[in-house]
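To find a chain, count down the sequence lines: A is the first, B the second, and so on, and within it residues start at 1. Values reported hereafter were calculated over all heavy atoms of this structure, with side chains retained and with hydrogens, waters and symmetry mates removed.
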Amino acid sequence: MKKEMKCSCSVLKKLYITMLRIRLCEESFVEPILNREIRCPVHLYSGEEAIAAGVCGALGKRDYIFGSHRSHGHYLAKGGCMRELVAEIYGKETGCSGGRGGSMHLISVDKGVMGTTPIVAGTIALALGASLASSIRKDNRVTVSFFGDGATGEGVLYECLNFASLKKLPIIFVCENNLYSTHMPIEEIRATKEIYKIGRPFGMKSFRVDGNDVVKVYEKAESVVRAARRGEGPVFIEALTYRFRGHVGPDDNVQGTHSDIRPKAEIEKWLKKDPVKKFEAFLKKHNVLKTSDMDIIKGKIEEEVKEAHDLARKSPYPGEGELLRYVTK
Amino acid sequence: MPGKVHIPERENFCDMSRSSRKLQYSLAINEALRQMMEADDSVFLIGQGVKSPWYVGKTADGLLEKFGENRVIDTPVSENAMTGAAVGAAIAGMRSIVVHPRLDFMFYAFDPIINEAANWHYMFGGKSQVPVVVWGIVNRGGEQAAQHSQAIHAVFAHIPGLKVVMPSTPYDAKGLMISAIKDDNPVIYIDDRWLYDIEGNVPEGIYEVPIGKGRIRRNGSDITLVSISYMVEECLKAADELSKEGIRAEIVDLRTAKPLDKEIILNSVSKTGRMIVVDGGWSFCGLAAEILAMVSESGFDSLKTPVVRLTVPECPAPSSRMLEAKYFEMSGHIFNAVKDMVSRSR
Ligand SMILES: Cc1ncc(C[n+]2csc(CCOP(=O)(O)OP(=O)(O)O)c2C)c(N)n1
Ligand SMILES: [Mg+2]
């Protein structure tokens, strides 16, 4: 309890708002995906909100993040504009990537969202490079690299762990372990379950946190970000979690194949650990927010989400004459 | 997705059985894999998604059940190591097939493919060989954008030591997979999800389609359309429309990007005097550029008019639907380019 109270009320409220914005925004895509208004591949983050909220909550505006195919949450938590996110997913000119990238290619340079891309592990080395830039410039920034458990299969991750440790770079590697990499349960792709230990052979401080507990994620992130900023070098965090939706789309069967092989009982077990509900109970218990406060917050966010969709729907597609724009600067 | 097009059944090569059994393209690949694994214990399949139709369609149906996890191996997301392992197993005497459910994911595997497999036989003076099939699936469209849409057959074709096959029919899909598996060299086998549901005649037994031999898919005397893989479908569509205007297009389906069947191209061009190359890759330094260069070197005297290439635009694939439709639009461009060329050079 004492530990939990390390966070101030205002921090807790902010974390709650961030998580709820992600959840409500994510769930708002379900219907337009099902009615084919949205057609790009969308990897929903529902169920994993505590990680993005907790980690990005510990970062400053100037800090950098890089992400993957499942990065709506990272983008929003770091301050990316919801209207531009939604418009991007509709493929509109007003989207954060001008409609060129869709759900898997998010960016908000001003907010430190440096880019999210769907090649598994593709941005880990880029995050390493951003932290290298910070160390060369001594600009006091910290970079976070978000990736999934699947990315632990790619050799580039280990190359980055070594170099980050060698050069004491200000980078936090955050592995969101949701126990699956598309159709593969983690036992089928990893010889050992403890992902967090992979940082240790490189002399890196490595932790596992409950990724469905935003307070725990925030506290851990806050302390390691501070240490990284002091020049103490990189940290590896494994956050255990579970996605509530299919690998891509609301459920994997949308594409006509039954590739969601996750056992029903397992899904139900994790639904009970819903990070949003869990945090709501915590906030009430500690008198941070009352149900009526939460309803007000929810109402506001619902409005924001609805407006984002309305605006996206009304926005133009990029003009056909613009196909070759942006190939080079 | 491709429309159902009429495919004139004019086999130039070894459809000995004259089979009338119909099979889908994806199931033709499946059959090739199953029969080759049955026939040869050294054949095995490794790669991401061999357990999941989401990744490989129906191409791996039933293989795991039949041959077990020892020979049908779904993998971690480790393209570099898994491809290297396929190459190494081939060096150690296996016939490996490594699948990549998108060509884009294969970029991590360039080192074992290009530095090692392609050079291996040469740099060891012929002392060792690499009978590996590196199977990459083009799975583009659906607003997936830049990193899920790249067709890079020309990159592989650029590399000495690699063969690159790209079937467009179920018949060729099976026969080329068999030839690729039997070949003692690294073969890049590229197929396209847009072809997976197409049906065609496929003989039931094991047969080979020779690597390096194209095929005339449609006879014509006015113009030669040279194409490969899914773009042959677009050519067939355009040719149907063109025939309504009295223009008879001959369609050369290369089937293999490398080694290139120069003869079939030059023969056709000597008949028609006109050529348009249609390719699903990019224009600059691409497959179409190579064919244009070859024809200007070896078939210049046959030409009535400058050759033309049609490719996807020189940019990454965009997500946004109208831009994406424009990016992949092809049969209309073929129709217009042919009409233009024929009318200018009557
Ligand atoms: C290099 C590469 N290989 C394969 C894929 C196909 N793919 C897309 S997502 C994914 C699994 C990702 O699993 P994980 O990293 O655990 O993230 P999650 O989807 O669980 O959030 C794979 C293999 C890819 N995008 N990039
Ligand atoms: Mg995962």
Problem set entry | Segment of A121(A) engaging chain B (4.5 angstrom heavy-atom cut-off) | both
Seminar exercise, completed: Which of Q144(B), Q147(B), R102(B) passes side chain to side chain contact (heavy atoms under 4.5 Å, CB included) with P118(A)? It is Q147(B)
Exercise. Is the side chain of Y108(B) donor-acceptor paired with the backbone N or O of V120(A) at a distance under 3.5 Å, no angle test?
Worked result: yes
Problem set entry | S181(A), part contacting chain B, at a heavy-atom distance under 4.5 Å | side chain
Exercise. Any side-chain heavy-atom pair from L323(A) and P318(B) closer than 4.5 angstrom?
Worked result: yes
Exercise. What part of L157(A) gets closer than 4.5 Å to chain B, counting heavy atoms only: side chain, backbone, both or neither?
Worked result: neither
Exercise. With sequence neighbours excluded, what pairs up with Y242(A) under the ring-ring contact (aromatic ring centres under 6.0 Å, His included) test?
Worked result: W270(A)
Exercise. Are any of the side-chain heavy atoms of I189(A) and T75(B) separated by less than 4.5 Å?
Worked result: no
Exercise. Below 4.5 Å, heavy atoms only, C-beta onward: do V248(A) and W54(B) meet side chain to side chain?
Worked result: yes
Seminar exercise, completed: Residues passing the ring-ring contact (aromatic ring centres under 6.0 Å, His included) test with F202(A), sequence neighbours excluded, are none
Seminar exercise, completed: Among residues 311-319 of chain A, residues within the sub-4.5 Å heavy-atom range of chain B, in order of number, are Y317(A), P318(A), G319(A)
Exercise. Which residues satisfy the side chain to side chain donor-acceptor pair (under 3.5 Å) test with R100(A), sequence neighbours excluded?
Worked result: E93(A), E322(A)
